[in-house]
Amino acid sequence: MQFSYHWLKTQAQTELSAEDMAHTLTMAGLEVEEAETAAPAFNGVVIAEVKAVEKHPDADRLNVTQVDAGTGELIQIVCGAPNVKPGIKVPCALPGAVLPGNFKIKPTKMRGQTSNGMLCSSKELGLPEDGVDGLLILPADAPVGQNIRDYLDLDDTVFTLKITPNRADCLSIKGLAREVAALTQCNNVPVAIQTASINSDRIQPVRIDAPEDCGRFISRVIENVNAKAITPDWMKQRLVRSGIRSVSALVDIGNYVMLELGQPMHVFDADKLNGSIIVRRAQNGETLACLNEKNVVLADNTLVIADEKGVLSMAGLMGGEASAVSDDTQNIVLESAYFAPEIIAGKSRQYGFGSDSSFRFERGVDWQLQADAIERATQLIVDICGGSVGAMTEAVGTLPVRKKVQVRLNRVEKVLGVKVAAEQVQAILQHLGLNPVATAEGFEVTAPSFRFDIEIEADLIEEIARVYGYENIPDDYTSGRLKMMALPETRRPRLDVYRQLVARGYQEVVSYAFVNAQWEQDFAANGNPIRLQNPLAAQYSVMRSTLIGGLVEILQNNLNRKQNRVRVFEIARVFSKDSDGRFVQNERIGGLVYGTAEPEQWGVKARPADFYDVKADVESSLAGKTVSFVKAEHPALHPGRTAKIVLDGKVIGFIGELHPKWLQKYDLPQAALVFELDIAAVTEAEKVVYKPVSKFQPARRDLAFVMPENMTHDDLLAVLRSVGSKLIQEISVFDVYRGTGLPEGMKSMAVKVILQDAEATLTDEVVESVMSKLVAAAEAAGTQLRC
């Protein structure tokens, strides 16, 4: 919402400076994003009248002018503007003036002719371009000699507000003035609405066939208008400072009333209509050529304005070209309506374009404002374009029901933490136009037609807090004793997980939970992801079921910025459906490693990170748990370099190298390694159990077994650990051999076994007994002891 502060002050008669008003509005919840003067700083520019123009004797494109700048004598100025001529009034920068960009004006000679100043264009004054090639032409009644800043009100301030969706009542000068009056206790003088004199018998019949979507529709015919009339400069100025381009008098008046009162309007060419105007739902396949030069195919969830022949416009969104007014228009139909916000919401995204009207309608327009808007527009049209006015025709559908809401004074005090006097609460609600009625406990309010957000007591308390002033509510400090609850022994602090990954060289990243549907297909083989009804953008249309897509995108961004070694992790939620179709959220840890195993240095030879480097990182995160890595397949990963991570018989994640086809598709020069784990499995911990440290020497024995290639490290360790002797402290693989001396299809795997007794020194007989059991168990599983 953009508006002129001086325009606002014609209704809200406040004495606050623009800077103070910006602070006041922001503190009341109407955030001021920007506040700028209507024109950049300059001085010494006055209104001048060109009295005479002669061609420059020595330059074809220059003219020598004599101008009256109110100094009592004519001033000679050399000018090259193509539109300079006697009798016009233009801005004139006199010697000593300073224009935008610190451009100083002083007497000078141009091809031998003295020039005592400069006649100015809009661009030279830093004003919006007016489409004229040359000087800024001022109205004929502009007073010669007056400072141009005063005449054009260039010291005005243009505010840009960030209005929240619940405050549609502030999308107009009328609504903002009401708000400012409540905040500053100043006088509020709304614009006077005059009832038009009816001097034409012509009316435009209207009918509502979708009463739930359209609560009120009013039309009025005005005949014999002058469509070529010029929009007054004061109206153009207010429109431009509100961010709206001037088009024509009839269109400008509709936009002006929308900005002034908050009611969007539309103007039809009455002679292009066929029979009654009908408000209805579109039929699938109907088409409309819009005013924005787009042809759209309408869906049946779209409300349209039609006549007996076909669609005229998309209700609340965009008018149609076929019924638009032009310079040849003689008779017009004014339209003012209330549309249910639900029927307009989402249509801008659905059709790919929006408008100032749809912005207001989808948030909620005052449903008692339509007749006033017609009368105000009629008054302006008759004053500017002339015409004969017909009676209003009104059709009514389903209108909102006013809600009664009570606010209790003791509840206000409890929520805000400060006591607000009943008289002050009443004054605040009254200034906001809520018309409070006193009750035994506080006040009762009937939500006015312009406030869709007043539904419960908390809404009224929020209004009281805003106007009372958040800065007037004192800081409060708890007087209670706070006690930190101990973390259970069986749960590992989440911060430890972050610290451990960071210690191993990873950096935390955050990516969107909304992802590209193609990522889900590529990285999770998920052809039916959870889709968003109203995605922020096409590339964020589904909810992720894996973290891989976001990590790969982050890798691409780093590679594009010449970062060739990347180690990142993310802890976030993924989303899926269970067998009953219910949505399920799981929190997971995802990690990605790309590039060399170690940073570039002299002490270690550079080598690419591999599966085992990332496996070590995962095992570090799961330290203290007995996990196994079992060969598996995953749609995102290399079929021969992928494993599922199993803990206590349950799959808790996966690890592996990205599939070569995704390297090619996502333009990755070399393989990236990824892992993903359930956060719950990582943070679960075994209860700490005390064990005495043995004072007796351990014994180490090494065993080598010949086994088939398809027998894995985990298979062998599982067999050996099944022996279950309390003397066995550790069993681990330290060597794998393939080659000479072994049968084809076989490999040798060497393990070390650490034995220790907490109560006695181990003897050879005890050690050999345990080792014999280990060898027997291994041989029973299909291995042979290698001599």
Side-chain angles (χ1 to χ4, degrees), residues 1-38 153 155-193 234 237-239 241-243 256-263 360 363-366 369 372 376 420 423-436 445 447-454 459-473:
M1 171 68 179
Q2 187 175 310
F3 68 94
S4 155
Y5 186 38
H6 286 179
W7 185 11
L8 175 65
K9 290 173 72 173
T10 62
Q11 295 189 36
Q13 299 176 344
T14 177
E15 297 300 323
L16 287 182
S17 67
E19 183 178 356
D20 290 339
M21 178 54 67
H23 175 76
T24 299
L25 291 174
T26 299
M27 291 304 297
L30 304 176
E31 181 183 349
V32 177
E33 284 191 305
E34 197 171 11
E36 293 185 335
T37 53
D153 194 20
D155 292 321
D156 187 11
T157 301
V158 176
F159 284 108
T160 302
L161 297 187
K162 188 176 182 180
I163 303 291
T164 52
N166 65 315
R167 295 309 307 275
D169 59 299
C170 291
L171 292 173
S172 66
I173 296 298
K174 178 182 179 181
L176 286 171
R178 181 173 50 233
E179 188 77 8
V180 169
L183 295 172
T184 65
Q185 308 300 304
C186 70
N187 289 332
N188 181 19
V189 184
V191 63
I193 305 296
W234 61 266
Q237 183 187 87
R238 290 178 173 180
L239 289 173
R241 292 181 187 176
S242 299
Y256 183 83
V257 172
M258 176 186 70
L259 293 171
E260 185 177 62
L261 301 182
Q263 173 64 52
R360 287 164 172 79
R363 285 161 173 77
V365 168
D366 184 349
L369 189 60
D372 283 352
R376 177 61 171 155
V420 184
E423 296 78 9
Q424 192 171 3
V425 170
Q426 184 177 22
I428 289 172
L429 297 177
Q430 190 66 47
H431 275 91
L432 289 170
L434 302 180
N435 300 319
V445 165
S449 56
F450 55 83
R451 292 300 296 267
F452 285 79
D453 59 324
I454 303 297
D459 297 329
L460 292 177
I461 296 175
E462 179 186 1
E463 294 301 296
I464 294 167
R466 286 194 316 106
V467 180
Y468 180 79
Y470 295 124
E471 65 272 32
N472 295 324
I473 299 175

(message) Tell me whether Glu31 is salt-bridged to Arg167, with the criterion being a basic N under 4.0 Å from an acidic carboxylate O.
(response) no
(message) Looking at Glu471, I'd like to know if its CD atom is crowded, meaning that more than 12 non-hydrogen atoms belonging to other residues, nucleotides or ligands lie closer than 6.0 Å.
(response) yes
(request) Please report the shortest heavy-atom distance between Glu463 and Ile428, naming the atom on each side. (result) O-CG2, 4.2 Å
(request) Please work out whether the ring planes of Phe159 and Tyr5 are parallel, tilted or perpendicular, with thresholds of 30° and 60°. (result) perpendicular
(message) A side-chain contact here means heavy atoms from C-beta on lying under 4.5 Å apart; do Leu25 and Val180 qualify?
(response) yes
(message) My understanding is that only one of Met1, Glu34, Glu33 makes a side-chain contact (heavy atoms from CB on, under 4.5 Å) with Lys162; could you say which?
(response) Glu33
(message) Nearest 0.5 angstrom please: Phe450 CZ to Leu432 CG, how far?
(response) 8.0 Å
(message) Assess the residue pair Lys174 and Leu369 against the criterion (side-chain contact (heavy atoms from CB on, under 4.5 Å)); give the C-alpha distance rounded to whole Å, side-chain angles, the decisive distance to 0.1 Å, and a yes or no.
(response) CA-CA 11 Å; Lys174 178 182 179 181; Leu369 189 60; 3.7 Å; yes
(request) Taking the side chain as every heavy atom from C-beta outward, state whether Val158 and Gln2 have any pair of such atoms under 4.5 Å apart. (result) yes
(request) Could you pull out the closest heavy-atom pair between Gln424 and Tyr468, with the gap in Å? (result) NE2-CD1, 3.4 Å
(message) Does any part of the side chain of Leu259, heavy atoms only, come nearer than 4.5 Å to the side chain of Arg238, both counted from C-beta?
(response) no
(message) Measuring from atom CG of Asp20 to atom CD of Glu15, what distance do you get when rounded to the nearest 0.5 angstrom?
(response) 12.0 Å
(message) Can you give me the closest heavy-atom contact between Gly364 and Ala168, atom names plus distance?
(response) O-CB, 3.2 Å
(message) Under a 3.5 Å distance rule, please check whether Asp156 uses its side chain to pair with a backbone N or O of His6 as donor and acceptor.
(response) yes
(request) Taking the side chain as every heavy atom from C-beta outward, state whether Leu161 and Cys170 have any pair of such atoms under 4.5 Å apart. (result) no
(message) If I take atom OG1 from residue Thr14 and atom CE from residue Met21, how far apart are they, to the nearest 0.5 angstrom?
(response) 4.0 Å
(message) Within the 4.5 Å heavy-atom criterion, are Leu460 and Ile454 side-chain neighbours or not?
(response) yes
(message) side-chain contact (heavy atoms from CB on, under 4.5 Å) for Ile464 and Leu429? Distances and angles first, verdict last.
(response) CA-CA 7 Å; Ile464 294 167; Leu429 297 177; 4.2 Å; yes
(request) List the atom of Asn188, the atom of Ala181, and the distance in Å for their closest heavy-atom pair. (result) CB-CB, 3.7 Å
(message) In the structure I gave you, are the side-chain heavy atoms of Trp7 and Gln237 within less than 4.5 Å of one another anywhere?
(response) no
(message) Can you tell me how far apart CD (Glu260) and OG1 (Thr10) are? Round to the nearest 0.5 Å.
(response) 7.5 Å
(request) Verify the neighbour count for atom CD of Glu19: are there more than 12 heavy atoms of other residues, nucleotides or ligands below 6.0 Å? (result) no
(message) Show the nearest heavy-atom pair for residues Thr26 and Val32, with the distance to one decimal.
(response) OG1-N, 3.1 Å
(message) If you define the side chain from C-beta out and look only at heavy atoms, does anything of Gln430 sit under 4.5 Å from Pro436?
(response) yes
(message) To the nearest 0.5 Å, what is the distance between CD on Gln11 and CG on Leu176?
(response) 9.5 Å
(request) Using a 4.5 Å cut-off on heavy atoms from C-beta on, say whether the side chain of Val191 contacts that of Leu261. (result) yes
(message) As an exercise, state the distance from OG of Ser172 to CG of Asp366, rounded to the nearest 0.5 Å.
(response) 9.0 Å
(request) Quick one: closest heavy-atom pair of Asp169 and Asn166, and the distance? (result) OD1-O, 4.3 Å
